[in-house]
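Both counts, for ligands and for their atoms, begin at 1 and track the order of listing.
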Amino acid sequence: MAEALEIAPKGASKKERYEMLLPQLKYLVEDEDDLIANCANIMAALKEAFGFFWVGVYFVKAEELVLGPFQGPLACTRIGYGKGVCGLAWKEARVILVPDVDQFPGHIACSSLSKSEIVLPILYKDRVVMILDVDSDQLNDFDEVDAQYLQSLASLMSEIFAKSIPVEKSNL
Ligand code: SME
């Protein structure tokens, strides 16, 4: 499928925006098994619906996170285990909300314009396999509403990851 996204009207709340977007994301990835293709469209949809400064995924590959599909300015391609917000979210397998990146020890500034961010781990069989990172050029731009809805998106992305694995490898 490749249809236009239905975006909430100007003035809609963040909650309304997520509620309108999430079902469309499910539909968007329904008939496609390819992980990169699905992640790429989801990042494009998030950018279009929210105008996020930067939104993208990192894949866990051996000892590092490696940049995947994203929308926004150029980003760091590799992040070490436990490093920065993304590496810590990976290590501790938890959502990290950063209201002010300058106050976060070890924050990795891919862009000096980024001011706040939210990072979520995406799990498969209890292991972090991807990281979802959303950045804003405004301070304190993310809250519990983002955490709640992006958590649902992280679950969808976990399903996307699972269905991208060839059956013969899915028990590894
Ligand atoms: N700020 C992140 C690095 C990734 S970029 O923001 C795209 C971090 O500290 O892990």
S.K.: With a 4.0 angstrom cut-off on heavy atoms, strictly below it, pick out the residues next to ligand 1 and order them by chain and number.
M.R.: Trp54, Tyr58, Ala75, Ile79, Gly84, Val85, Cys86, His107, Ile108, Cys110, Glu117, Asp133, Asp135

S.K.: Please output the side-chain donor-acceptor pairs of residues 53-76 that fall under 3.5 Å, not counting sequence neighbours, one pair per line with the distance.
M.R.:
residue	atom	partner	partner atom	Å
Trp54	NE1	Pro73	O	3.0
Tyr58	OH	Cys76	O	2.8
Glu64	OE1	Arg78	NH1	2.9

S.K.: Please tabulate, one pair per line, all N/O donor-acceptor pairs under 3.5 Å involving side-chain atoms of residues 83-93, not counting sequence neighbours.
M.R.:
residue	atom	partner	partner atom	Å
Glu92	OE1	Arg94	NE	2.6
Glu92	OE1	Arg94	NH2	2.9

S.K.: Please enumerate all residues that pass side-chain hydrogen bond (donor to acceptor under 3.5 Å, both in side chains) together with Ser164, with sequence neighbours excluded.
M.R.: none

S.K.: Apply side chain to side chain donor-acceptor pair (under 3.5 Å) to the pair Gln148 and Tyr18, showing each step before the final yes or no.
M.R.: CA-CA 10 Å; Gln148 183 200 325; Tyr18 279 115; over 6 Å; no

S.K.: Do Ile96 and Ile118 have side chains that approach each other closer than 4.5 Å (heavy atoms only, starting at C-beta)?
M.R.: no

S.K.: Below 4.5 Å, heavy atoms only, C-beta onward: do Ile108 and Ile79 meet side chain to side chain?
M.R.: yes

